[in-house]
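Accompanying notes for the structure given below.
Throughout, a chain's letter reflects where its sequence line sits, starting with A, and its residues are numbered from 1. Side chains included, hydrogens not; waters and symmetry mates left out as well; all remaining heavy atoms used.
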There are 2 protein chains.
Amino acid sequence: MYTIGQVAAMFDLPVSTIRYYDKAGLLPDIQRVSGIRQFSDNELEALRVIECLKKSGLEIKAIKQFMDWNQAGNETFGQRKTLFEKQMVAVEAEIASLEKVRAMLRYKQWYCTEAIKAGNEETVVAMVPDQMPTDIKQAYERSHI
Amino acid sequence: MYTIGQVAAMFDLPVSTIRYYDKAGLLPDIQRVSGIRQFSDNELEALRVIECLKKSGLEIKAIKQFMDWNQAGNETFGQRKTLFEKQMVAVEAEIASLEKVRAMLRYKQWYCTEAIKAGNEETVVAMVPDQMPTDIKQAYERSHI
DNA sequence: TTAATACCTAAACCTGACTTTAGGTCAAGG
DNA sequence: CCTTGACCTAAAGTCAGGTTTAGGTATTAA
């Protein structure tokens with residue numbers, strides 16, 4: 001059993017954020033002893049799932065919905081599974097999108113490096129896209145389609 | 001040359017968002033003909049960079065700063081390059097983080113599937129972590145460290 | 001000629017996710 | 001005893017990033 005302060009340190013979250021999650025219904029099973037929250041393994045796993053679902057793009061109220069399904073028991077495993085599948089698709093799309101962003105940054109980095117070398121931009125502009133190194137050309141194409 | 005409506009369609013952005021970006025100073029070179037914005041290749045590339053920097057985690061005012069560097073000319077290629085490098089690091093961290101999220105979702109998906117098969121949760125809980133398939137065990141470990 | 005459509009501005013409004021504030025309880029140490 | 005620190009609540013405040021509204025101009029199609 002942990003206090004809110006200990007959990008805040010573990011997850012590197014402000015105490016106020018954890019209270020906010022609790023108030024939003026994201027920690028439905030949490031016990032209290034004379035008003036003070038007692039965090040068990042159950043709550044630690046809940047916080048892990050909250051962070052995961054949040055990063056996958058879900059908003060707080062959708063996470064609350066998920067917690068309601070958790071509370072409801074065996075009947076809702078289908079819905080929970082569907083949610084995880086949906087968020088999996090979202091996360092893979094997000095990763096793909098960030099890989100495109102990475103390609104653009106790679107191209108832009110090269111561009112700046114060349115402009116610094118040349119002392120001007122025109123020389124570099126003249127190299128785009130046919131006189132670019134192969135890897136940069138690929139990055140350029142990935143980010144400009 | 002394109003109108004704001006055409007550009008909005010190209011980038012799948014609301015017209016109001018593009019006006020908001022312009023007002024924030026993110027399209028410093030944009031020309032107007034009797035008050036109406038004229039989007040050239042220059043602005044299309046600016047919008048591509050805006051989307052890229054936004055997705056990399058930069059806020060609007062930092063993008064505005066970047067556009068100021070663009071305006072300033074050759075002196076600022078160093079700063080721009082440094083920014084691209086910083087955002088590259090941020091994007092790679094974000095991808096790594098999303099890969100962890102993906103692992104958690106994978107584990108949770110398996111968990112729900114098994115719970116549906118078994119008709120109860122206890123059977124599945126008893127399998128964690130030693131009786132899980134290898135790939136799920138790996139996903140579990142990636143998401144629980 | 002008038003009606004629809006696309007453009008424009010300034011300013012108010014909205015939303016989500018926190019964060020801060022103000023006021024209070026309780027246990028331990030000096 | 002009293003002060004420090006960790007906990008608590010309700011409610012107000014904040015911030016980014018838009019979006020909506022209200023009011024106006026200009027061109028085109030019927």
Next item on the list: Quickly work out the B:Ile18 CD1 to D:dT20 C1' distance and round it to whole Å.
Entry: 17 Å

Margin query: Please determine whether a side-chain nitrogen or oxygen atom of A:Lys64 lies at a distance below 4.0 Å from atom OP1 or OP2 of C:dG16.
Written below: no

Note to self: Rounded to whole Å, how long is the line connecting atom CD of A:Gln6 with atom P of D:dA6?
What the structure shows: 11 Å

Next item on the list: Choose from D:dC7, C:dA11, C:dA17 the nucleotide whose nearest atom is closest to any side-chain atom of A:Ile4.
Entry: D:dC7

Check: Rounded to the Å, how far apart are A:Tyr2 OH and D:dA6 P?
Finding: 19 Å

Notebook entry, point to check: Hey, is the side chain of B:Tyr21 poking within less than 4.0 Å of OP1 or OP2 on D:dG17, counting only N and O atoms?
Noted result: no

Check: With sugar-phosphate meaning primed atoms plus P, OP1 and OP2, does A:Arg19 contact a base, only sugar-phosphate, or nothing at under 4.0 Å between heavy atoms?
Finding: base

Check: Atom CG of A:Leu27 to atom P of D:dC8: distance rounded to whole Å?
Finding: 12 Å

Next item on the list: Assess the pair B:Phe11 and B:Phe39: is the distance between their ring centroids shorter than 6.0 Å?
Entry: no

Margin query: Ignoring hydrogens and geometry beyond distance, is a side-chain donor-acceptor pair present between A:Tyr111 and A:Glu121 at under 3.5 Å?
Written below: yes

Check: From the list D:dC8, D:dG17, C:dC8, which nucleotide is the closest neighbour of the side chain of A:Arg32?
Finding: D:dC8

Note to self: Pick the closest DNA chain D nucleotide for A:Lys23 and for A:Val15 by heavy atoms, then say which residue is nearer the 5' end.
What the structure shows: A:Val15

Item checked: Out of D:dA11, D:dG18, C:dC18, whichever nucleotide has its closest atom nearest the side chain of A:Thr17 -> C:dC18

Item checked: Any A:Tyr20 side-chain nitrogen or oxygen under 4.0 Å from OP1 or OP2 of C:dG16 -> no

Check: How is B:Thr3 classified with respect to the nucleic acid when contacts are heavy atoms under 4.0 Å: base, sugar-phosphate, or nothing?
Finding: sugar-phosphate

Checklist line | Rounded distance in Å - CG (B:Leu26) to P (D:dA16) | finding: 14 Å

Note to self: Can you measure B:Ile50 atom CD1 to D:dG18 atom C1' for me and round it to whole angstrom units?
What the structure shows: 14 Å

Margin query: Please check if the number of heavy atoms outside B:Gln71 that lie under 6.0 Å from its CD is greater than 12.
Written below: yes

Notebook entry, point to check: Counting heavy atoms not belonging to B:Glu92, are there more than 12 under 6.0 Å from its CD?
Noted result: yes

Check: In whole angstroms, how far is the P atom of D:dG18 from the CG atom of B:Asp22?
Finding: 14 Å

Notebook entry, point to check: With a non-hydrogen cut-off below 4.0 angstrom, is B:Ser16 in contact with a base, only sugar-phosphate, or nothing?
Noted result: base

Check: Closest to the B:Glu59 side chain: C:dT19, D:dA16, C:dA11?
Finding: D:dA16

Next item on the list: Answer yes when B:Arg32 and B:Asp22 have at least one side-chain N-carboxylate O distance shorter than 4.0 Å, and no when they do not.
Entry: yes

Note to self: Taking only side-chain N and O atoms of A:Arg37, does any of them lie within less than 4.0 angstrom of OP1 or OP2 on D:dC7?
What the structure shows: no

Item checked: Comparing A:Phe39 and B:Ser34 on DNA chain D - which has the more 5′ nearest nucleotide -> A:Phe39

Item checked: Out of D:dT20, D:dA10, D:dC7, whichever nucleotide has its closest atom nearest the side chain of A:Ile36 -> D:dC7

Checklist line | A:Gln31 CD to D:dC7 P, straight-line distance once rounded to whole Å | finding: 18 Å

Next item on the list: Apply the test side-chain hydrogen bond (donor to acceptor under 3.5 Å, both in side chains) to residues A:Thr82 and A:Gln79: give CA-CA distance (whole Å), side-chain angles for both, the deciding distance (0.1 Å), then the verdict.
Entry: CA-CA 5 Å; A:Thr82 304; A:Gln79 278 131 299; over 6 Å; no

